[in-house]
Protein chains: 2
Amino acid sequence: MIHPNDPPLSDRTSDALTAAQLYYVQDLTMEAIAQELHTSRSSVSRLLSQARASGLVDIQIRSPLDAPSRVEKLILDRFQVTAHVLPVPDYASDVDRLERVALSVARILGEFFDSNMIMGIAWGSTMNAVSRHLTPKRTHNAQIVQLNGAGNTRSTGLDYANEILRRFSNAFDARLEQFPVPTFFDDPATRTAYWRERGLRRLLEMQGNMDVALFSVGSPFSMVPSHVYVGGYLDDEEFTALSDAGVVGDVATVFYRADGSTDGIPLNDRGTGPELSVLRRTPRRICVVAGTSKVDSLRGALAAGLITDLFIDEGTARALVGS
Amino acid sequence: MIHPNDPPLSDRTSDALTAAQLYYVQDLTMEAIAQELHTSRSSVSRLLSQARASGLVDIQIRSPLDAPSRVEKLILDRFQVTAHVLPVPDYASDVDRLERVALSVARILGEFFDSNMIMGIAWGSTMNAVSRHLTPKRTHNAQIVQLNGAGNTRSTGLDYANEILRRFSNAFDARLEQFPVPTFFDDPATRTAYWRERGLRRLLEMQGNMDVALFSVGSPFSMVPSHVYVGGYLDDEEFTALSDAGVVGDVATVFYRADGSTDGIPLNDRGTGPELSVLRRTPRRICVVAGTSKVDSLRGALAAGLITDLFIDEGTARALVGS
DNA sequence: CGACTCCTTGCACATATGTTCACGGCTCTT
DNA sequence: AAGAGCCGTGAACATATGTGCAAGGAGTCG
C-alpha cells in the first residue's frame, strides 16, 4: 500500500508542517518534537522558523468585535474608513515607525489578497518596506499590477519599483504586470498616444478591474519627502507648480489638494498613475501610513475618498484625529 | 477629545491585545513590550498567556493545498471523507493519543463553528477530553444542542454530559439546549410519547437544522470500552443483544453494524440519539477518533455515511487504511 | 479600623529557545 | 580521485520565556 512516490512535497516542508502542528497545536516542547522527528532540538527550532517564514503557520490577532480602540472608532466615524491603528511607542523614530507598520501590514496582507484576485500596487519607501517583510501565501491565478510608472530622467528607475513589485508577486505566487513607463511624461500627448497601445490597454483594463489597491500617500511638502520627491522625478519648476496649485499630496503620483480635488493640477496630465475615479471603483483600497509628516497628505486622500482601509501608527493616528 | 469613558473593554484585555500585536506581529521581545506597556517582563508573559488562552491570538497551520499526507489521500479516496491525521508517536499510550487528538480538535474547532450556526454535540470520553481544551471564540446567536440523553439507571448522569456541553457553550458563547432524558428508555412507547412533548419537539427540530455535528464513535466490543459501556447505561442482557445483532459501534448511542445498517437493532428503538438520517442531513459531521480500538466501529460509521470530516491520530489512521 | 481574603506584581530561578560554530557529507569541478 | 564550495547538522553557548514565591494593594467583613 505504500507507494514509492510518496510525498508530493519535500521532506523538509513536511517535517516543518508536523513540527508546527506539534508545537503550536499540541503544545509540545521542541525537545519532545525533536525526539518524535529523530533529530536535534536545534533543527526543530530551525524547522519552526522556516514554517513561520514560509507562511505554513498563520498567526492572527483577532480583536473581539467590541475591541476597536477609541482612535479607530473616531476615524471610522469621521472618515468612514476602517482603521488599523498599530501600537508604536511615542519615542520611536520615523524610521522605526515605518519599519514596524510595514511589518504589521506585510503580515496581515494575506487576509486581503487571495486566489483569482487582482491587486494594484504603488511603489515608494513605504511599499518598499512592506515588500521586505511579506510572508508568503499560496494563491492561484492571482495578478499583481503596477499602479504607476517608475522611470525618471536620471535612470530608468525600473529596478527600484521592479524589485518591490517582484517581492509581492513572489510572496503570493501571482503574475506580475509591470508598467515600464516614466513616472511622468514630458508631453501629455505622448501619454495619450501611448495609452492607446495594445499592451497598455491590457494593463489599464487590469487596473480597472482591481480587487485591491495597496499604496501609501506622498507628502511633497513635508520635512521628510517621499521617495518620488528626492529621486529625480520632479525638477524645481514642477515642484513649484505643485505648490502653487495647492497640492498637499499624492497617491501613486496622482496629486490632490487638501479638499481632495485634482482639477487643474497640470502635472496630473502627464503622470502615469491611475485616474482617481478608477481607484475609487476598486472595492478595497488599503493605505499604509507611518509618520506624522504624512498627516496632511493623508487628510487629502481621505477627503478624496481614496481609502477604505487604513493602516497607521498610533502617533500618526492621534495626530490625524487631533487628540 | 479624550472621553473619560474610554475603553469598552477591560484594560487587561486591551493590554493583552496590544502585547499580542507587538509580540506576534511586530516580533518584539517580551522585554521590549514590557517597556512600552510600563510593566514587568513577567506580566507581559502572563498577558500573552491570557491572550492565547482567551482566543485573542489565533494560530493556524495552513497546509499548502498539495500537502495532504498519503494517508489523508487514501482515506479521501476510499471513504470520501476529509481526514485530518494528527501526528502522534507510535509509542504513545491510548490516553496520550486521546489527549493529543482532543487538544488539536479543540484548537481547530473554531474553524467549523460560527455565529448563527447550530452545532449538535454528543458526550463521552472523547468529547469530554475535547471540551477541556477549547479555546474560546466569540459568536452571536449560536446554538449548541445535545445529541442524545445522558441519564442512566444509577444516577441521572446529567452532570457528566452537562459539564461537557456547558464547556462548549461557554467557549463559544452559545445558547445550550440540553436533553434531560435517559440514554435509553425502558419502553419504546415512552419515548414515542415523550417525543411529542412541545419542549422535545423544539430540540428535535434544532437537531434537524444542525449545521455541524460533533461526535466520536463508541466501540462496545473493544478492549477499551467507551464511557457508555462502563457507566451503567447498559445491562448484561442488553449488551448481549447488541452482540447478537452484529453491532460494531455507535454514534451518539445509535448503534450500527459493520456495513452501516441499523435495521432490527432493538436497542435503537429505545435510545435517544438522533436518527442517522437526521445526522446524514447535517452538512458537516465531524468525527473525532483516537486509539486503534475504535477502528472497527469507525469503519461502520464510515460505511453508514455518518462522517464528512475525520480527526484521527496517525496510528489509528494507518490501521484504518491497513498499511 | 483592623483582620482577613483575593488578586496582582516583580524578582529570582528554572526551562526553553535561538544562534554560533566547527564538522561531515554532498555535489560539482578539474 | 582529490579538492573546493555548499548545505545541513548537533553541541555549546547566549537569550528569552515561564513560574513559584513573597510582598503589597484593594475590597470585605466583623
Between D:dG8 atom C1' and A:L37 atom CG, what is the distance in whole Å?
15 Å
Residues A:K137 and A:D58 bridged, charged N to O under 4.0 Å
no
For atom CZ of B:R41 and atom P of C:dA14, their distance in whole Å
15 Å
Round to a whole Å and report the spacing from CE of B:M30 to P of C:dT17.
11 Å
Any base atoms under 4.0 Å from A:S43, or only sugar-phosphate, or nothing? Heavy atoms, all strands.
sugar-phosphate
Could you state the CZ-P distance from B:R46 to C:dG10, rounded to the nearest angstrom?
8 Å
Salt bridge check, A:R100 against B:E36: does any charged N sit closer than 4.0 Å to a carboxylate O?
yes
Using a heavy-atom cut-off of under 4.0 Å over every strand shown, decide if B:T39 touches base, sugar-phosphate, or nothing.
sugar-phosphate
So, applying side chain to side chain donor-acceptor pair (under 3.5 Å) with B:H133, which one of B:R167, B:R107, B:E99 is it?
B:E99
Within the pair A:S40 and D:dG10, is there a side-chain N or O less than 4.0 Å away from OP1 or OP2?
yes
Rounded distance in Å - CD (B:Q35) to P (C:dG10):
13 Å
Which nucleotide wins on minimum distance to the side chain of A:R12, given the candidates D:dG8, D:dA11, C:dC11?
D:dG8
Any B:T29 side-chain N or O less than 4.0 Å from OP1/OP2 of D:dT17:
yes
Can you tell me the distance, in whole Å, between the CG atom of A:D27 and the P atom of C:dT15?
19 Å
Start with the C-alpha distance between A:R62 and A:E111, add both sets of side-chain angles, then the distance that settles salt bridge (charged side-chain N to carboxylate O under 4.0 Å, His left out), and finish with yes or no.
CA-CA 12 Å; A:R62 349 200 276 88; A:E111 292 292 294; over 6 Å; no
Provide, to the nearest angstrom, the distance between the CG atom belonging to B:L47 and the P atom belonging to D:dT19.
14 Å
Let me know the distance between CD of B:Q50 and P of D:dT19, rounded to the nearest Å.
15 Å
